[in-house]
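The structure under discussion appears below in the form of structure tokens.
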Amino acid sequence: MILPMITKCLLAVLFISAFHSESVAQQINVMTFNIWHGGKETGEEEGPQRVVDIIRDSGADIVAMQETYGSGSRIAEALGFHLYLRSTNLSIMSRYPIIDTLDAYEPFNSGAVTIDVAGQPIVVASNWLNYPFDYWAMLEKGQPIDSAEWRKQFQGEKNAGILCGVLDVLRPAIENSENVPVIICGDFNTGSHLDWVPETRHLNGGYVMPFPATLLMERWGFIDSFRKIHPDPLVTRGITWSPILPTAFQDRIDYIFYQGSILKAIDSKTIDTHPVKYPSDHAAVMTTFKIQTP
């Protein structure tokens, strides 16, 4: 009688352990955040501190930052994060160790690292793309835009052209994404083909626009994490431009893309508030990933 009872107890312990292991599966919160001129537009000292507040309160583990501009060390130190400063513009901050840097495109436009998340390496890139013309201002003023020329301009060297270079340099990492997943974040300075669809024409100045940069990410096998969680742009728009400019044309231009079956996006949201004053002209985006280890 004793042996069967011991066997039952052991099986129960194993079952509970397996259930607990599944319930606490490793998760990471990844943020992309253009902090607007080092976060200093709302105060030389107060602004960067508000950036720290937002990151800390969000629970972000990894931050791909744009417009870092002299605030990187201060913000990372306040958070107790590791810091990779790629250029005056771009940085990556992480609660987890940054174990390697990757070859990347021009320093102002792209930087990439490998981060060790509890034994699972993950490649994270921070990017900033230019924009060939300010279609948001034109839409605000009701000025007509030639759709073919619009697409052609954003296909060119200032936007999707930069992204082509970014992806080409990161090709070895992307091709290995089933072993080491890749997360590409940033201020893309362009809307998304997933948002500018016939159903949202009335929100987008009457236009449907297959934006080249986001289509390029899709062709390279990347998933837009925000739209993975919120597939209907009418229900959840995810506006990141601009939370502090109420008269600005509203658009989603900041993204977290991912590739590799080890990662599963389980939540994604925009963050655009602070108890005192929000420090940026961009909303932050944060996606929670579950790490699905074999």
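Since this is a predicted model, take the numbers as computed values, not measurements.
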Please find the pair of heavy atoms, one from [X] and one from [Y], that lie closest to each other, and give the distance.
| X | Y | answer |
| --- | --- | --- |
| Lys158 | Ile162 | O-CD1, 3.2 Å |
| Phe33 | Ser280 | CE1-CB, 3.8 Å |
| Ile35 | Ser71 | CD1-CB, 4.4 Å |
| Asp272 | Pro243 | CB-CB, 3.6 Å |
| Thr214 | Gly191 | CG2-O, 3.8 Å |

### Spacing of Leu216 atom CG and Gln155 atom CD [to the nearest 0.5 Å]
7.5 Å
### Task
Take Glu41 and Lys277, measure what salt bridge (charged side-chain N to carboxylate O under 4.0 Å, His left out) needs, and give me the verdict at the end.
CA-CA 11 Å; Glu41 289 294 321; Lys277 189 171 185 178; over 6 Å; no
### Task
Assign the ring pair Tyr131 / Trp136 to parallel, tilted or perpendicular, where the plane angle (0 to 90°) is split at 30° and 60°.
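Perpendicular, since the angle between the ring planes exceeds 60°.
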### Query
Do the rings of Trp150 and Tyr135 sit parallel, tilted or perpendicular, given the 30° and 60° boundaries?
tilted
[X] side chain to [Y] side chain, donor-acceptor N/O pair below 3.5 angstrom:
| X | Y | result |
| --- | --- | --- |
| Trp196 | Asp251 | yes |
| Ser126 | Gln66 | yes |
| Ser192 | Arg227 | no |
| Glu67 | His282 | no |

### Task
Taking atom CG of Asp100 as the centre, report whether more than 12 heavy atoms of other residues, nucleotides or ligands fall under 6.0 Å from it.
yes
### Message
Are more than 12 heavy atoms, taken from residues, nucleotides or ligands other than Glu149, located less than 6.0 Å from that residue's CD atom?
### Response
yes
### Task
Sort out for me which residue in Phe211, Trp241, Phe257, Trp128 forms a ring-ring contact (aromatic ring centres under 6.0 Å, His included) with Phe188.
Phe257
### Trace of the side chain to side chain contact (heavy atoms under 4.5 Å, CB included) decision for Asp116 with Tyr96
CA-CA 6 Å; Asp116 182 352; Tyr96 298 96; 5.8 Å; no
### Task
For Arg50 and Asp53, run salt bridge (charged side-chain N to carboxylate O under 4.0 Å, His left out): C-alpha distance rounded to whole Å, both residues' side-chain angles, the deciding distance at 0.1 Å, then the answer.
CA-CA 5 Å; Arg50 289 169 186 155; Asp53 295 341; over 6 Å; no
### Task
Identify the residue among Arg237, Arg252, Arg201 that makes a salt bridge (charged side-chain N to carboxylate O under 4.0 Å, His left out) with Asp195.
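Testing Asp195 for a salt bridge (charged side-chain N to carboxylate O under 4.0 Å, His left out) against Arg237, Arg252, Arg201 leaves exactly one candidate, Arg252.
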#### Entry: Candidate pair Ile122 and Ile28, rule side chain to side chain contact (heavy atoms under 4.5 Å, CB included), full reasoning
CA-CA 11 Å; Ile122 297 176; Ile28 54 168; 3.7 Å; yes
## Note on the structure
Exactly one candidate in Ser225, Ser268, Ser58 meets side-chain contact (heavy atoms from CB on, under 4.5 Å) with Met286; the answer is Ser58
